[in-house]
Visitor: 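Structure incoming, see below.
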Amino acid sequence: MILDLFKLDGKVALVTGAGQGLGQGMALALAEAGADIASLDRTGCESTCESVRALGRKYHEAVVDLREASVEDLRKVVDGFVSNLGQIDILVNNAGTIRRTPAIDFSETDWDDVLQINLKAAFFLSQAVARVMMSQGGGKIINIASMLSFQGGITVPSYTAAKSALAGITRALANEWAGHNINVNAIAPGYMATDNTAALRADPKRSISILERIPAGRWGTPDDLKGAVVFLASSASDYMHGAIVPVDGGWLTR
Ligand code: GCO
């Protein structure tokens, strides 16, 4: 029956940045759908851990700062999860950072950090996890893109570069790995009320102009991504490859 296709019982989902915000919301959604959770975050994720275990699912975490992690470190983290949880069926590349400075003054550090965390780590984690998925017969990779995968943005050039490229590698990896039963897709959240947009919401001009453009008439919340992430993590989306799915209250249609 159709609703059974959405169930994730017996699956293991690795979510980066699962400690708060969108990552926490998605980790809980996957656990509610039946998955055990492997969490990778730069700090411990006590509240995510508690909620996942309260649902009766296993939770295992690795504390890793993606800004500093080498490709070898990422492979070791993935191996550690496989030894503890037995497998990885779903990867959500959610961890991200943003730096706000006009392009004319933008620093090398703000360029490198954002590209490292939002793009390079997502690519090499996908590579390490895809090797596991290939040996298991398939899996689901979900990249968390952005409105700035489609638009230029204002004073966030390295974020726009990383998120636009993340949309590109979503398609590139989808092409290469579809034949291995690995679905690579992305969710592009709209303007969500999380830490990422705190500066925008605190700026009276920008917060009004953003809100005015959202047809749904409100900022998004972590709960708004729950349906899309479970869908893309489940068998219900088995024929989807390389899609970038906006969950944006209609922002892009404006
Ligand atoms: C900005 C915002 C965006 C949002 C989000 C949009 O400056 O435009 O911070 O980057 O955070 O990613 O989808």
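These numbers come from a predicted model, not from an experiment. Each ligand, and each atom within it, is numbered from 1 in the order the structure gives.
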Visitor: What residue and heavy atom of the protein are closest to atom 3 (C) of ligand 1, and at what distance?
Guide: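 Looking at atom 3 (C) of ligand 1, the protein heavy atom closest to it is Tyr191 CE2, 3.9 Å.
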Visitor: Under 6.0 Å from the CG atom of Leu252, do we count more than 12 heavy atoms belonging to anything else shown?
Guide: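 Counting neighbours around CG of Leu252, more than 12 heavy atoms of other residues, nucleotides or ligands fall under 6.0 Å, so yes.
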Visitor: Tell me the protein heavy atom at minimum distance from atom 11 (O) of ligand 1, and give that distance in Å.
Guide: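 For atom 11 (O) of ligand 1, the nearest protein heavy atom comes out as Asn196 OD1, 2.1 Å.
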Visitor: Distance to 0.1 Å, residue and atom name: give those for the protein heavy atom nearest to atom 5 (C) of ligand 1.
Guide: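 In this structure, atom 5 (C) of ligand 1 has Ser146 OG, 3.6 Å as its nearest protein heavy atom.
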Visitor: Please list, in number order, the atoms of ligand 1 under 4.0 Å from a heavy atom of Met147.
Guide: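 So the atoms of ligand 1 that pass are 6 (C), 13 (O).
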Visitor: Within ligand 1, which atoms have a heavy atom of Arg100 less than 4.0 Å away?
Guide: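 Checking each atom against Arg100, I get 1 (C), 2 (C), 7 (O), 9 (O).
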Visitor: Between Asp248 and ligand 1, find which residue part has any heavy-atom pair under 4.0 Å and reply side chain, backbone, both or neither.
Guide: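 No part of Asp248 is near ligand 1 at this cut-off.
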Visitor: Rounded to the nearest 0.5 Å, what separation is found between the CG atom of Leu91 and the CD1 atom of Ile141?
Guide: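 Going from the CG atom of Leu91 to the CD1 atom of Ile141 covers 5.5 Å.
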Visitor: Which bit of Pro189 is near ligand 1, meaning a heavy atom under 4.0 Å away: side chain, backbone, both or neither?
Guide: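 Contact part for Pro189 vs ligand 1: backbone (N, CA, C, O).
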Visitor: With a cut-off of 4.0 Å, which atoms of ligand 1 are near a heavy atom of Ile98?
Guide: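 Near Ile98, the atoms of ligand 1 are 9 (O), 10 (O).
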Visitor: With backbone taken as N, CA, C and O and side chain as the heavy atoms from C-beta onward, which portion of Leu200 lies under 4.0 Å from ligand 1: side chain, backbone, both, or neither?
Guide: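 For Leu200, the contact with ligand 1 is made by the side chain alone.
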Visitor: Just by distance, do the side chain of Asn183 and the backbone of Met240 share a donor-acceptor pair under 3.5 Å?
Guide: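 Yes, because the side chain of Asn183 sits within donor-acceptor range (under 3.5 Å) of the backbone of Met240.
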Visitor: Classify the contact between Lys163 and ligand 1 as side chain, backbone, both or neither, using a heavy-atom distance cut-off of under 4.0 Å.
Guide: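 Neither; nothing of Lys163 gets under 4.0 Å from ligand 1.
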Visitor: Using 0.5 Å steps for rounding, measure from the CG atom of Asn118 to the CG atom of Asn93.
Guide: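 Between atom CG of Asn118 and atom CG of Asn93 there are 10.5 Å.
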Visitor: Distance alone, cut at 3.5 Å: any donor-acceptor contact between the side chains of Gln116 and Trp111?
Guide: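 No, no side-chain donor-acceptor contact under 3.5 Å.
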Visitor: Give the residue, atom name and distance (to 0.1 Å) of the protein heavy atom nearest atom 10 (O) of ligand 1.
Guide: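 Checked against all protein heavy atoms, atom 10 (O) of ligand 1 sits closest to Tyr159 CE2, 3.0 Å.
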Visitor: Determine yes or no for a side-chain-to-main-chain donor-acceptor pair under 3.5 angstrom, with Asn185 supplying the side chain and Ala243 the backbone.
Guide: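 Indeed, once roles are kept as given, a pair shorter than 3.5 Å links the two residues.
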